[in-house]
Amino acid sequence: MFQKILVANRGEIALRVIAACKELGIQTVAVHSEADREALHVQAADESVCIGPAASSGSYLNITSLVAAAEITGADAVHPGYGFLAENARFAEILEEVGLTWIGPSPDAIRRMGDKAVARDTMKRVGVPTVPGSPGPLDSVEDGLAIADRIGYPVLLKAVAGGGGRGMRVAANGKELAAAFELATSEAERAFGNGSVYLEKYLSEPRHIEFQVFGDQHGRVVHLGERECSLQRRHQKVLEESPSPAMTRALRAAMGNAAVAAARAVDYVGAGTVEFLLEDGKFYFMEMNTRIQVEHPVTEMVTGFDLVKEQIRAAAGEPLSFPGVVGKGGGSEFQPRGHAIEFRINAEDPVTFAPSPGTITTFHPPGGPGVRVDTAAYQGWKIPPYYDSLIAKLVVHGRDREEALARGKRALELFVIEGVKTTIPLHLRLIGAKDVREGNTSTKWLERWLKESKD
Ligand code: MV4
């Protein structure tokens, strides 16, 4: 096992990784920017290193500084958290080159999933369902028009180097497709330095359901069930839950098998997420995220497992240790225990979503049965304007969905944050919405509801 881990991240994620290290008896090194000197993750770690200026390009994304910090402090492994460099294959490679262990999947697995056209092709080869579309990147507009004529409109153009919703264009007919092709190509070129795009049939109102997968260095891959992540605004998730209200045992078995096959196809080691679109009872591979995710706590709540500890063990070469899952056929028998919901609490105006940085003057998180709060905020903390606006994740667990919703409501009501605006009022309104209470949502639902409730 490792002696000392450098945590290449900040805020609540750095604290989450430090918590796992502490339980495993591993020393921790925090890194921080000049804007994060007073941050809680710096206090929580055994050592800390300032790695650069406030802007993340000079600090949390600065590979040279991070490697130097790891070498100076004598760390033997690096945990990237999520965001920042978590899916940077080159960073993983450099760490391995200088003799540090990267706590994550191989650079090869990251690259094969990072190129969305390669990932799609890999899935087709191993029998994981994909949305009908082009066999690879489009060579020309004519190439796209021919395929769209075959599969039918509307179609969606996606950047090969994209993901998470960046660089997508819908086209309802051939004329629109010609224009969309030029726009998508130039946008992708500017955003990713790679103008390649591919084409898929556009699903009009799918759900976003993702599966937590885990692999070890001994060839085992399992899944730990799904998370329903349909409630999103501008590709930012707002609320996640497990299990999905749309799930049945049979569908979970089919999607779980597909998720495990997806991970196996790239010899996946560590924690990963396979994202699917579900529409009219049919599911399709969307992409795979080769990191632990923001919303991993809902899976921890319904499994009772510590996913970050398991990532560290897997990177150290230990076999998977999930009781009741490993050895029972790759998680095919997996059953969630109760129901968990995560509310992302951002320092944002709950109506306009404008960022609301500033000093937190009062901070009192809720507790009690079935309540978990992941946060690095405290009374007197000045939220810097340089990073994302997540200030706390409220995660509730109940014996069933009804209890989880009731717990979520009371915990949101008892969560006191003053000094900055937060999205707590939005969450309370959401919990009161009939469709949310009935689990009757899709990827289109939230933006439509926000628009309707404004008119
Ligand atoms: C789609 C789609 C409909 N049809 N693909 C958005 C994120 C990126 N990973 C892929 N996304 C989508 N792909 C086809 N063929 C709709 C979306 C989509 C979406 C997906 C998940 C969650 C929220 C979304 C919001 C808008 C569009």
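Note that ligands are numbered from 1 as they come in the structure, with each ligand's atoms numbered from 1 the same way.
- For ligand 1, the polar-atom distance check against Val131 finds no nitrogen or oxygen pair separated by under 3.5 Å.
- Close approach to Lys201 involves these atoms of ligand 1, each under 4.0 Å from a residue heavy atom: 4 (N), 14 (C), 15 (N).
- By the 3.5 Å distance cut-off applied to N or O atoms, Glu287 is counted among the residues near ligand 1.
- No salt bridge links Glu182 with Arg169; every basic N to acidic carboxylate O contact stays at or beyond 4.0 Å.
- In this structure, the side chain of Glu279 engages the main chain of Ser204 through a donor-acceptor pair within 3.5 Å.
- Atoms of ligand 1 lying under 4.0 Å from at least one heavy atom of Tyr202, given by number and element, are 3 (C), 4 (N).
- The single protein non-hydrogen atom nearest to atom 10 (C) of ligand 1 is Met286 SD, 3.4 Å, given as residue, atom name and distance.
- Taking atom 4 (N) of ligand 1 as the reference point, the nearest protein heavy-atom neighbour is Leu203 N, 2.9 Å.
- Across His397 and Arg407, no two heavy atoms sit closer than the pair O-NH1, 2.8 Å.
- Considering only non-hydrogen protein atoms, atom 24 (C) of ligand 1 sits nearest to Thr443 CB, 3.7 Å.
- No more than 12 heavy-atom neighbours from other residues, nucleotides or ligands sit within 6.0 angstrom of CZ on Arg399.
- Considering only non-hydrogen protein atoms, atom 5 (N) of ligand 1 sits nearest to Lys158 NZ, 3.0 Å.
- In this structure, Tyr82 and His296 have tilted ring planes: the angle between them lies in the 30° to 60° band.
- When all heavy atoms are compared, the tightest approach of Leu412 to Ile424 is O-CG2, 3.7 Å.
- Distances shorter than 4.0 angstrom do not occur between any heavy atom of Lys444 and any atom of ligand 1.
- With a heavy-atom cut-off of 4.0 Å, Leu156 touches ligand 1 through its side chain alone.
- Around atom OH of Tyr153, more than 12 heavy atoms belonging to other residues, nucleotides or ligands sit under 6.0 Å away.
- Taking each of Met168, Glu200, Arg233 in turn, the one with a heavy atom nearest to atom 17 (C) of ligand 1 proves to be Met168.
- With respect to atom 26 (C) of ligand 1, the closest heavy atom belonging to the protein is His235 CE1, 3.5 Å.
- Looking at atom 7 (C) of ligand 1, its nearest protein heavy atom turns out to be Gly165 N, 3.3 Å.
- Glu447 and Arg234 are not joined by a salt bridge, as no carboxylate oxygen comes within less than 4.0 angstrom of a charged side-chain nitrogen.
- Other residues, nucleotides and ligands place more than 12 heavy atoms under 6.0 Å from the NZ atom of Lys201.
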